[in-house]
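Here's the structure, in C-alpha cells; my notes come after.
All values reported here derive from a predicted model rather than from experimental measurement. Just so we're on the same page: letters track the sequence lines, and every chain starts at 1.
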Number of protein chains: 2
Amino acid sequence: MVNIAPSKKQMVAEPSTEQRIIDAARKVFSTKGMAGARMQEVADEAGINKALLHYYFRSKQLLFEGVFKQSAQRQFSCIWDSLKQCDSLFPAIEAFVAAYLDRMIEEPLLPLFIANELNRDPKGLADFVDRGKESRARFLRMVEEARKRGEIIDIDPRELLVNIMALCAHPFIAQPMLKHIHGITDDAFLRMIQKRRKTVPEFIIRSIRA
Amino acid sequence: MVNIAPSKKQMVAEPSTEQRIIDAARKVFSTKGMAGARMQEVADEAGINKALLHYYFRSKQLLFEGVFKQSAQRQFSCIWDSLKQCDSLFPAIEAFVAAYLDRMIEEPLLPLFIANELNRDPKGLADFVDRGKESRARFLRMVEEARKRGEIIDIDPRELLVNIMALCAHPFIAQPMLKHIHGITDDAFLRMIQKRRKTVPEFIIRSIRA
DNA sequence: ATCCGGTTTAACCAAATGGTTAATATTGCG
DNA sequence: CGCAATATTAACCATTTGGTTAAACCGGAT
C-alpha cells in the first residue's frame with residue numbers, strides 16, 4: 001500500500017500513487033461534489049486506471065471519506081491551533097482570522113465542500129467538531145471575560161464566533177458571484193482576500209470594543 | 001363553456017400538476033443538489049409518474065433551471081427591492097438585513113443551493129446579478145456619500161457589502177455545523193436568526209460609524 | 001354517443017457508472 | 001535468477017438513471 005523507498009523515484013520524488021489518487025480525488029470532489037464526481041474522472045486526473053482506485057480505496061464512499069476527513073481535519077486543526085498561544089482577545093481574533101484566511105487560500109473550495117457534506121450527512125461530523133472543542137470553549141471564555149472586564153460590549157460569545165467565521169468563509173463560498181459582480185480576476189480576488197487579513201479583524205474589533 | 005363551480009376543486013384549490021412538480025423539484029434539488037437529485041424522487045415527491053416530468057419539463061437540466069431561476073430571481077429581487085425606499089445608509093442596512101434574513105427563513109437551503117450552482121456554472125448567473133445592478137450601485141453610492149459626509153469610517157463600499165451578505169447568509173450555509181456545535185434544535189436556530197435581525201445591523205453599524 | 005385535445009401511465013431503452021475479475025507487469029528478495 | 005508479493009491494467013458485469021414510446025384516460029365540444 002505505502003511506497004516506502006522507490007528506487008527510480010528518488011530524484012524527482014514523485015508522489016506515491018496513493019497520494020496522487022488523494023490529490024486527484026480532492027480536486028474532483030471539491031469541484032463536482034460527492035454525487036457529481038465520477039470515479040473515471042478521478043482516475044484520469046490521477047493518470048491511472050479506474051480499477052486501481054478500488055484497489056487502494058474500496059469504494060467511492062470510502063475514497064470520499066478519506067479525502068474529506070483529511071481536508072476537514074487539517075482545516076479545523078489549522079484554525080483552532082492558531083489561537084493556542086494567544087491569551088488576550090483581540091490578538092486571538094487577529095490570529096484566528098489570519099489562520100482561517102490562509103487556510104482558505106490554500107484550499108478555496110473547502111468551505112463549500114464542507115458545507116455540502118455536513119448538509120448531506122449531519123451525523124458524520126462529530127469527530128471534527130470535537131477536535132476543536134477545547135479551543136472553542138477557551139475562546140468563548142476569553143470573550144466572556146473580556147466582556148466582564150468591560151473591554152468589549154455586551155455580546156453573545158457564540159454569536160461573535162459565528163460572525164467571525166462568516167466574515168472569513170463567505171467570500172470563498174460566494175467567490176464566483178463576487179468575481180462576476182465586481183468584474184475581477186482570480187488575482188484581484190486574492191489581493192482582496194489579503195486585504196481582509198487586516199480589515200476583517202479591524203471590522204470585528206471596532207464593532208465589539210467598549 | 002367554462003365550469004364555474006367545479007365540484008371537487010373549489011374548496012381545496014389543489015395546486016396544478018406543474019406547480020406540484022416545481023415544489024417537489026425544489027425540495028429535492030435543494031437537499032440533494034443537481035447531481036444528487038433523482039428524477040424518480042422528484043416524481044414520487046410530486047405523487048406522479050416519472051414520464052410526466054418529461055412531459056412538463058423536457059429534461060432534468062430544464063427542470064433544474066426552471067426551479068433554480070425562479071428561486072434565485074425571487075431571492076435577488078426580495079433583497080434588493082428592500083432598500084428601494086431607503087435613502088439614508090443605516091436604515092438601508094437594517095432593511096437589507098431584515099429582508100435577507102426573512103427570505104432565508106422562507107427557503108433556508110437556498111444560499112447553499114445558489115452557491116453550488118454558481119460554482120458549477122459561473123456563466124449562467126449574469127441575468128440574476130444584473131437584476132439587482134441598479135440597487136446595488138445605489139447602495140454603494142450611499143456608502144460612499146456617507147463616508148464623504150464623515151458619518152462612517154473609511155471603508156471600501158464593496159467590502160462592506162460583502163461583509164453584510166456574509167453575516168446574513170453564512171449561518172444558513174453552516175446551519176448543520178452550528179446546530180451541532182451549539183447543540184440546538186431547529187426551533188432554537190430560528191430564534192437565534194430572529195435575534196440576528198437586530199444584532200447584525202447593530203454589529204455592522206457599530207463597526208463603521210465614525 | 002363520439003371524437004378530440006391535453007394529460008397520465010406502464011413498459012422499455014440506451015448510456016453511464018460503480019464495482020469486479022482475471023490476467024499481466026513490476027518490484028523486492030532469498 | 002526465480003519466486004512471491006504487490007501494483008496495474010483491460011475487459012466485464014449489474015444496476016441505476018435520464019429519457020422515450022405507445023397506449024390509456026378524461027373532460028368537454030359537436
Quiz prompt | d(CG, A:L53; C1', D:dA7) in whole Å | solution = 13 Å

Quiz item: So what does A:A37 touch, heavy atoms closer than 4.0 Å: a base, only the sugar-phosphate, or nothing?
Solution: sugar-phosphate

Quiz item: For C:dG18, does OP1 or OP2 lie under 4.0 Å from any side-chain N or O of A:R38?
Solution: yes

Self-check item: Salt bridge A:K32-A:E41, side-chain N to carboxylate O under 4.0 Å
Solution: yes

Quiz item: So does B:E107 pair up with B:R103, basic N to acidic O under 4.0 Å?
Solution: yes

Practice problem: Take atom NZ of B:K60 and atom P of C:dA15, then tell me their distance rounded to the nearest Å. | Solution: 19 Å

Practice problem: State plainly whether the residues A:R26 and A:D23 are in salt-bridge range, i.e. N to O under 4.0 Å. | Solution: yes

Quiz item: How long is the line joining CD of A:Q40 and C1' of C:dA15, in whole Å?
Solution: 14 Å

Quiz item: Rounded to the Å, how far apart are A:Y55 OH and C:dA25 C1'?
Solution: 12 Å

Quiz item: How many Å lie between CD1 on A:I21 and P on D:dA7, as a whole number?
Solution: 11 Å

Practice problem: Would you indicate which nucleotide in C:dT20, C:dT8, C:dG18 comes nearest to any side-chain atom of B:L52? | Solution: C:dT8

Quiz item: C:dG19 C1' sits how many Å from A:L63 CG, rounded?
Solution: 13 Å

Exercise. Report which part of the nucleic acid B:Y56 touches: base, sugar-phosphate, or nothing (heavy-atom distance under 4.0 Å, all strands).
Key: sugar-phosphate

Quiz prompt | side-chain N/O A:T17 vs D:dT8 OP1/OP2, d < 4.0 Å | solution = yes

Quiz item: In whole angstrom, what separates A:I48's CD1 from C:dA25's P?
Solution: 19 Å

Quiz item: Any salt bridge between B:R120 and B:E117, counting N to O under 4.0 Å?
Solution: yes

Practice problem: Would you mind reading off the distance between B:H54 atom NE2 and C:dC12 atom P, rounded to a whole angstrom? | Solution: 19 Å

Exercise. Return each pair, listed once, that meets salt bridge (Lys or Arg N to Asp or Glu O under 4.0 Å) where at least one residue sits in residues 181-200 of chain B; pairs must be two or more places apart or across chains.
Key: A:E159-B:R196, B:D102-B:R197, B:K179-B:D186, B:D187-B:R191, B:K198-B:E202

Practice problem: Identify which nucleotide among D:dA10, D:dG19, C:dT9 has an atom closest to any side-chain atom of A:A51, counting heavy atoms from C-beta outward. | Solution: D:dA10

